[in-house]
There are 2 protein chains.
Amino acid sequence: MNDQVTPNFRPLYQQIKEVLLSRIVSGEWPPGTFIPSESALSQQYGVSVGTLRKALDALANENVVIRRQGKGTVVATHDSDRSLFQFFHLVRLDGERSLPISRVLVRERRKAEAIEAEALGMEPGDEVIHIRRIRELDERPALLEDVVVSATRFTGLEEEPQPLPNTLYHLYQQRFGVSVAHAEERLFAIAAGSEEQEHLGVEVNTPLLEIRRIAKDLQGNPLEYRVSRCETQHHYYLNEL
Amino acid sequence: MNDQVTPNFRPLYQQIKEVLLSRIVSGEWPPGTFIPSESALSQQYGVSVGTLRKALDALANENVVIRRQGKGTVVATHDSDRSLFQFFHLVRLDGERSLPISRVLVRERRKAEAIEAEALGMEPGDEVIHIRRIRELDERPALLEDVVVSATRFTGLEEEPQPLPNTLYHLYQQRFGVSVAHAEERLFAIAAGSEEQEHLGVEVNTPLLEIRRIAKDLQGNPLEYRVSRCETQHHYYLNEL
DNA sequence: GAGTGGTCTAGACCACCCC
DNA sequence: GGGTGGTCTAGACCACTCC
């Protein structure tokens, strides 16, 4: 690299990795596009191919980028098969995995509640967009989901095309230019209330799995707070360690 | 490498990786010991240091081995700080993580139930060792846990030193020479029964988190089937994606 | 100072994809 | 056949640990 002659020691490949990441985040290489080849980039930055490979491999490990021998390196999208199940862990009892179909119940703009503001790093009272939906698996309601995002960062989401797409993260990426890269999920067991009774078709006090997720962008900033209540008679939450 | 002139194409570093893994599994390098240096191993196998590095890095990524600049490469143990929380995801509501203290209720040898036999790849009726214990966090019972392992693979476990160690996987490793490397967890929401009422101090029908885990060794063979019922008033299950 | 793993380089060849 | 990423090599130097 020509710039970055700073005395702070960080491995070259990490600096390269961050530069590449910033070019992705900036929108210079939108999701789905091919980035320049290893040799082109290594010349561009004046480093060896090996060093540049280490940077790209690191990005690939974090699912930021997908590499294919013979084809090239692509910025990851949320509709690729690999990404689809990164954030969806519900599995049918027989082990089959499929994506749910969504039905939106509520889409509104309102002030953030305290817990939402804290999760999103906002001030209480800042405006958010709230989406509530049912997600069905095998034509059976499986999830009651409340999604909350910043109204300033996602301006206009509450008026989006009437049928909201099934995978919100794909919409975030295409419409708002932000990619969900990581998430933190906290799981609780709760008792169904009247809302869950109505929408999930379970009796009041049925045990449900509650998943509170904070989804974060490529740099780790919180993007979305989502609470899902899930029926576990016909599905379970799968985690591989 | 001198052997392995087979025509089936697999990258050299993967073959090296498997050879190293087999030497670890065989007990030649027990957990906690340092394996030979990169240069020594590369000479031993007649490959370049870079290739050997790739093999070792892969093993490090899978937590089989831990590498430390200036010191060497050590076979991972289940008491290292890194490993301790790989399989323990319960977190206190304020975010603090600590390991639970266990109290054994049952330790017996009996025939496997159908679901246990299936999980462990055994025949129904084969003998298993069953351990039931309470695990306390902050002096409050948090988990009621049933652990089932093959009685032939873990011969003598039912008569182990009376205070069973807190971390069973450490015992498996030291006493039986097997390391738990991976696990698959299936999470359900269930209602507390009388047993949970008695041992966890919750009312009957309180929603609980049930975690069904199949723990596997370095080669992916099932080692242990464990069902934990967990109270989520004071803790939650944390999953980072 | 000696030994370890970590970084970086430069170059060769291979497997894969597409034209 | 030309381009891509994947493998393998050989060697230099650096950062860290321990004696």
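All chains are named by letter (A, B, ...) in the order of the sequence lines, taking the proteins before the strands, and each is independently numbered beginning at 1.
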Determine, for [X] against [Y], whether the closest basic-nitrogen to carboxylate-oxygen distance falls under 4.0 angstrom.
| X | Y | result |
| --- | --- | --- |
| R67(B) | E38(B) | yes |
| D94(B) | R92(B) | yes |
| R107(A) | E158(A) | no |

Between atom [atom1] in [X] and atom [atom2] in [N], what is the gap in whole Å?
| X | N | atom1 | atom2 | value |
| --- | --- | --- | --- | --- |
| R68(B) | dT4(C) | CZ | P | 17 Å |
| L41(A) | dG3(D) | CG | C1' | 14 Å |
| F34(A) | dC17(C) | CZ | P | 12 Å |
| K54(B) | dT9(D) | NZ | P | 12 Å |
| L12(B) | dA10(D) | CG | P | 12 Å |
| E38(A) | dT9(C) | CD | P | 14 Å |
| L56(B) | dT4(C) | CG | P | 13 Å |
| Q69(B) | dC18(D) | CD | C1' | 14 Å |

*Starting at the 5' end of DNA chain C, which residue's closest nucleotide do you reach first, S39(B) or G50(A)?*
S39(B)

*Nearest-nucleotide comparison on DNA chain C, the residue closer to the 5′ end among D57(B) and T51(A)*: D57(B)

*Quick one: which residue pairs count as a salt bridge (Lys or Arg N to Asp or Glu O under 4.0 Å) with a foot in residues 19-29 of chain A, not counting sequence neighbours?*
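For residues 19-29 of chain A: R23(A)-E28(A).
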
*Would you say L99(B) has more than 12 foreign heavy atoms packed within less than 6.0 Å of its CG?*
yes

*Is the F87(A) ring parallel, tilted or perpendicular to the Y169(A) ring (thresholds 30°, 60°)?*
perpendicular

*asked:* Which nucleotide wins on minimum distance to the side chain of K71(B), given the candidates dG5(C), dC8(C), dC18(D)?
replied: dC18(D)

*Nearest of dG6(D), dT4(C), dT9(C) to any side-chain atom of R67(A)?*
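Selected nucleotide: dG6(D).
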
_So R53(A), base contact, sugar-phosphate only, or nothing? Heavy-atom distance under 4.0 Å._
base

*For dG5(D), does either OP1 or OP2 sit under 4.0 Å from a side-chain N or O belonging to T73(A)?*
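For dG5(D), OP1 or OP2 has a side-chain N or O of T73(A) closer than 4.0 Å.
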
_On the nucleotide dT4(D), are OP1 or OP2 found under 4.0 Å from the side-chain N or O atoms that S37(A) carries?_
yes

_Give the residues of residues 21-30 of chain B touching DNA chain C, defined as any heavy atom closer than 4.0 Å, sorted by residue number._
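Residues of residues 21-30 of chain B that come under 4.0 Å of DNA chain C do not exist, since none gets that close.
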
*Aromatic F188(A) / basic R212(A) pairing, under 6.0 angstrom, 45° off normal*: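 Pair R212(A)/F188(A) counts as cation-pi.
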
